[in-house]
2 protein chains.
Amino acid sequence: MPDQKHCPDTHDRILDVAERLFMANGYEGTSMRMITSEAEVNLAAVNYHFGSKEALMREVFRRRLLWLNRERIVLLDALEAAAAGAPLKPSQVLEAFFGTLLRMGEDPALGGMVFLRLLGRTLTEPADFIRTFFAGEYAEVVERYKHALFRALPDVPQEEILWRFHFMLGSMSYALAGTDVLEIVTGYEPGDAMATDPAAARRLSARVMPFLLAGLRAPLPAPLASLSSPSATSGDSCDAPSGASSRVTPSPA
Amino acid sequence: MPDQKHCPDTHDRILDVAERLFMANGYEGTSMRMITSEAEVNLAAVNYHFGSKEALMREVFRRRLLWLNRERIVLLDALEAAAAGAPLKPSQVLEAFFGTLLRMGEDPALGGMVFLRLLGRTLTEPADFIRTFFAGEYAEVVERYKHALFRALPDVPQEEILWRFHFMLGSMSYALAGTDVLEIVTGYEPGDAMATDPAAARRLSARVMPFLLAGLRAPLPAPLASLSSPSATSGDSCDAPSGASSRVTPSPA
DNA sequence: GTCTATAATTTGATAGAC
DNA sequence: GTCTATCAAATTATAGAC
């Protein structure tokens with residue numbers, strides 16, 4: 001157990017470089033030698049400080065997710081205390097969950113855009129040890145926010161809310177990863193300077209939050225009667241009602 | 001150039017196995033030996049038929065994307081011909097673009113859910129050669145659908161439409177990859193039987209299409225005046241107007 | 001804590017017989 | 001087209017001196 005207070009440089013420099021390289025090349029695409037040479041530390045230092053490559057990967061996430069998910073809980077506690085028993089507005093829940101995430105992108109001390117992009121791409125990398133690790137790190141915060149959304153949208157079936165939470169995570173994850181076939185949109189390349197610009201988080205936030213909120217409160221799909229005819233199953237029933245007038249109750253107040 | 005008409009088995013069996021293993025383990029996480037042993041072909045067969053591992057990866061996608069993006073163009077041509085110059089409805093454009101994709105998941109001959117999940121996770125893997133390849137494969141179809149959306153939503157700034165196209169791709173990509181921290185939602189594990197169930201595409205379609213359509217037609221964000229106060233930048237302005245009454249013009253007819 | 005040296009495997013690719 | 005045998009390089013990890 002390395003508990004010495006000396007040389008926080010090496011330990012943290014490894015984490016910082018690993019975070020950036022995992023973001024740019026993925027876990028499998030990044031070798032220990034790439035990390036140690038760029039961090040200018042000895043190859044054996046990684047195993048000394050972290051034990052293995054997998055443990056390094058976990059630690060890269062642990063130091064960020066610890067802050068993120070704790071902050072999310074604190075914010076939700078504060079919102080619910082202020083609401084005094086009343087349900088929160090959907091926008092409040094989304095702002096607490098995704099706004100906290102996006103705010104990390106503006107603060108290099110919290111990982112900045114480098115960590116956000118790493119998180120975005122890692123959420124679709126189903127290496128077993130990462131999935132297991134994430135499941136543990138996210139268990140509490142997901143449970144809390146699920147129920148906050150259930151209360152915020154009492155007229156939407158809970159299963160539907162879970163699906164939409166899923167879709168919102170996807171939009172955010174993909175937007176953060178920032179590797180799009182629509183290069184025009186994001187305007188940056190991976191590893192680019194713009195890709196790690198803290199202002200990117202603010203620009204993204206202004207665009208994505210209305211999108212997420214609208215999707216979360218979308219009219220309910222038809223009770224999926226005719227699943228036999230593929231070309232008529234989806235989309236057609238969703239044009240006429242476009243918002244507050246449909247089955248979904250808008251947030252109170 | 002392998003042009004012989006013999007043994008389509010080996011050639012195609014390599015592609016099928018590679019598709020499944022790349023889906024489950026990613027490109028870097030899948031070795032040639034894993035592919036050849038599972039496909040029960042000789043190790044040298046891959047290089048004989050495809051030339052290299054990178055070329056194999058490209059061919060895995062090429063045979064699917066060729067059909068997908070051609071079908072998307074054909075469908076859009078038909079819709080625009082039927083509209084006789086009038087703009088399409090947003091739901092028609094989404095149905096042609098994403099509905100075609102989801103329909104691949106129901107047909108094993110088109111790759112089924114295995115290919116859809118591979119595509120979903122690969123869109124966030126920014127290995128250079130994959131990005132370059134995708135850019136070429138998607139160039140035409142993206143250009144066509146961009147302009148179809150511009151026409152379908154004449155009152156939404158084009159840049160905003162591009163962002164929302166981006167977000168929609170993200171929801172879809174992430175939902176297809178199916179590796180979520182909300183395990184309850186999807187209910188399947190990667191590599192699981194349920195994960196490759198053709199019915200999964202229909203279930204997903206009924207859930208995701210209304211979400212995408214609502215997000216695409218969300219109220220426009222405030223002109224982002226106060227970017228200084230992070231907690232008030234987003235979300236708060238999006239509660240009151242929840243749909244058709246806002247600045248976004250609903251689709252014609 | 002840092003470093004050198006190296007073990008033990010695995011990787012993508014190829015030469016050449018059949 | 002298929003196969004065996006093999007190369008050259010890269011990988012994670014560790015032992016042991018300082």
Side-chain angles (χ1 to χ4, degrees), chain A residues 1-61 63 122 125 127-130 132-133, chain B residues 1-61 63 122 125 127-130 132-133:
Chain A
M1 286 66 182
D3 240 335
Q4 294 80 346
K5 287 301 169 196
H6 305 104
C7 196
D9 296 320
T10 297
H11 182 273
D12 290 352
R13 207 160 58 241
I14 291 175
L15 283 179
D16 291 339
V17 170
E19 187 173 54
R20 183 157 41 83
L21 292 182
F22 285 149
M23 177 271 284
N25 313 112
Y27 175 76
E28 304 276 4
T30 303
S31 71
M32 310 266 284
R33 281 170 173 78
M34 294 166 65
I35 296 170
T36 54
S37 74
E38 189 143 338
E40 295 178 299
V41 301
N42 190 274
L43 174 61
V46 173
N47 283 296
Y48 173 78
H49 284 281
F50 301 99
S52 70
K53 187 187 176 185
E54 285 195 6
L56 170 62
M57 178 71 158
R58 278 191 292 264
E59 181 59 22
V60 164
F61 279 100
R63 69 167 174 168
T122 307
E125 278 196 29
D128 269 350
F129 82 95
I130 298 181
T132 305
F133 173 73
Chain B
M1 283 68 179
D3 241 336
Q4 293 80 345
K5 287 301 169 195
H6 305 104
C7 197
D9 296 320
T10 298
H11 182 272
D12 291 353
R13 206 160 60 243
I14 291 174
L15 284 179
D16 292 340
V17 170
E19 188 173 54
R20 182 159 39 83
L21 292 182
F22 285 149
M23 177 272 284
N25 311 309
Y27 175 75
E28 304 275 5
T30 304
S31 71
M32 311 265 291
R33 282 170 175 80
M34 293 166 67
I35 296 170
T36 54
S37 74
E38 189 142 339
E40 294 179 301
V41 301
N42 189 273
L43 174 62
V46 173
N47 284 296
Y48 173 79
H49 283 282
F50 302 98
S52 70
K53 187 186 176 187
E54 285 195 6
L56 170 62
M57 178 72 159
R58 279 191 292 264
E59 182 59 23
V60 164
F61 280 100
R63 68 168 175 168
T122 306
E125 278 196 30
D128 268 351
F129 81 96
I130 299 181
T132 304
F133 173 73

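Below, read A as the first sequence line, B as the second, and so on, with proteins coming before strands; counting in each chain starts at 1. Heavy-atom basis, side chains included; hydrogens, waters and symmetry copies ignored.
Contact between the side-chain N/O atoms of A:H11 and the OP1/OP2 oxygens of C:dG1 is not found at any separation under 4.0 Å. A:T10 has no side-chain polar atom (N or O) that falls below the 4.0 Å cut-off from OP1 or OP2 of C:dG1.
Taking 4.5 Å as the limit, every side-chain heavy atom of B:K53 sits out of range of all side-chain heavy atoms of B:V46.
Taking the centre of each ring, A:F61 and A:F22 stay at or above the 6.0 Å mark.
Scored by the side-chain hydrogen bond (donor to acceptor under 3.5 Å, both in side chains) test, A:R58 finds no partners at all (sequence neighbours excluded).
The heavy-atom pair separating B:I14 from B:V41 by the smallest distance is CG1-CG2, 3.8 Å. Scanning both residues, A:L43 and A:T36, for their nearest heavy atoms gives CA-CG2, 3.6 Å.
Rounded to an integer number of Å, the gap from A:M57 CE to D:dA13 P is 14 Å.
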Quiz item: What string of B, S and - do you get for nucleotides 3-18 of chain C, 5' to 3', if B is base contact, S is sugar-phosphate-only contact and - is no contact with any protein heavy atom under 4.0 Å?
Solution: BB------BBBB----
